[in-house]
Amino acid sequence: MNRRKLLKSIGISIGGTIISTKVLARLADDSFEYAIPPNPMHKPMGKPVTAITLGAGNRGMVYGGYAAENQTELKIVGVAEPIKFRNDRYAKIHKIPDANRFVTWEHVFQKPKFADAIIISTPDRLHYGPCMKALEMGYDVLLEKPISPSEKECRDILALSKKTGRIVAVCHVLRYAPYFVKMKELLAKGAVGEIISVQHLEPIEHTHMAHSYVRGNWHSSKETTPIILAKSCHDLDIIKWVINKPSKQIIAMGDLKWFRIENAPTGSTARCTDGCKVERECPYSAIKQYYEKRDRINVFDLSDDKAKQGAEIMDRLKTTNYGRCVYRMDNDQPDHYITSIRFGDNVTANFSMEAFTSYAGRRTRIFGSMGDMVGDMTELVINDFKTGKETKLVPKAEDVEGYKNSGHGGGDWLLARDFVQAVSQQNASLLTSTIDASIESHVMCFMAEESRKKNSFMNIK
Ligand SMILES: NC(=O)c1ccc[n+]([C@@H]2O[C@H](COP(=O)([O-])OP(=O)(O)OC[C@H]3O[C@@H](n4cnc5c(N)ncnc54)[C@H](O)[C@@H]3O)[C@@H](O)[C@H]2O)c1
């Protein structure tokens, strides 16, 4: 008999709670593969939701990818993107007529409303303007995080969404990842008793740090947003979401310690391609990362012809920030950042963002009165103090990796799916990351950064 079918209806008991998800397979004695059941609020759609994408870069392509694979749910009918290569690529994938292709977001709003929703995947400092305009014109909005680099602008967007009654879904994609959905459900059901404290680690991975926060788009906190908002707003958001109590106080420390000129090795040069004497032994070599490993090369807008790509990459390494020495950049983002938060009922949390790791993902430990939970996004291990029993839960691989472009533990496309349903049904409760639900963790980030800079403890209002 098929083992998966056999185990489908078995409930697992942890800390006096029965797990409601379908168990797909028993992997070992106390280890189970599970799936999140289909959302009963999802309904068949008479016609696809239509959307206009502002910013057809990396994130615009992720949500566009969902539309391309799910054409009965989401249709992209317009795009604003100043880089011709990206505008052309997007228009081709989604068959967007020339009349609906624009260079910059402002142009979209010069036309009367011509879609249900706007997808805002422009750089951090270009979220507020298009979001306010979209709401004024009656669009629903899928808004990339951070909502805005300023607390006042975040609150303006919240106020306007309430005034207009439009949906604003913030792309806190981890809230949709089956792993975190399960963590939240178990904690809400009391699987570890009362939550006493949380420890959460965000290992960035050293080469990702070099790519995004030393050489890349977010190397300058002043031109974009501080790293606690740009990178770790997901993490403070998940901590707040699972604890489910108001945040009260926060303190933060951290600095840019390594990627500085004084740490540049003797023999290093302005660019890795300038004949750097230590390039072969340097873990941050751009030649190794981009030319040899072809890691994160989507930023280079390469031609489809693989034979030409090597020369194109070398050209970018000689002409863009991606080829510059990591010790000689004009970067200012901290490479290690810790923050402690006190929530209501004296629940506490510790968060660490660490650049210097060989691995990525997230690691979380939850300490409860009746049990504890340890997870790394590939499995969640729950120990029940009363029974001494340990249970390991593993999300179904397809939920996490099955979608081609869906990163963040599967959360990217699962958010897109819930957003489409919310717009189609005009029901924001299908989303867990509405602007109302998301704003507090942004405020925590603003307060953390203020604490780090002022060297003082902050009360969160
Ligand atoms: N949710 C997440 O996990 C996640 C992950 C990465 C990035 N982000 C956020 O998503 C946003 C986009 O990031 P990205 O990685 O896609 O960056 P990106 O640089 O790949 O894409 C941004 C695009 O916006 C375009 N653009 C610039 N000015 C514009 C204008 N005036 N009008 C229209 N388009 C304009 C750029 O040319 C670029 O193609 C950022 O705010 C970023 O912080 C979120």
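Atoms considered below: every heavy atom in the structure, side chains included; atoms not considered: hydrogens, waters and symmetry mates. Sequential numbering from 1 along the given sequence is applied to the chain's residues. Atoms within a ligand are numbered from 1 in the order they appear, just like the ligands themselves.
Partners of E379 according to the salt bridge (charged side-chain N to carboxylate O under 4.0 Å, His left out) rule, which considers only residues two or more places apart in sequence or in another chain, are K392. Applying the ring-ring contact (aromatic ring centres under 6.0 Å, His included) test to H336 and every residue at least two apart in sequence or in another chain returns nothing. Taking the ring-ring contact (aromatic ring centres under 6.0 Å, His included) definition, one finds that H442 meets it with H172, sequence neighbours left out.
Both the sub-6.0 Å distance and the 45° axial angle are satisfied by K182 relative to the ring of Y34.
Near ligand 1, G55, G57, N58, R59, A80, E81, P82, I83, R86, T104, W105, S121, T122, P123, D124, L126, H127, E144, K145, P146, C171, V173, N217, W218, H234, H408 each place a heavy atom less than 4.0 angstrom from the ligand.
Checking side-chain atoms of S232 against main-chain N and O of D235 turns up no donor-acceptor pair under 3.5 Å.
No salt bridge links E312 with K308; every basic N to acidic carboxylate O contact stays at or beyond 4.0 Å.
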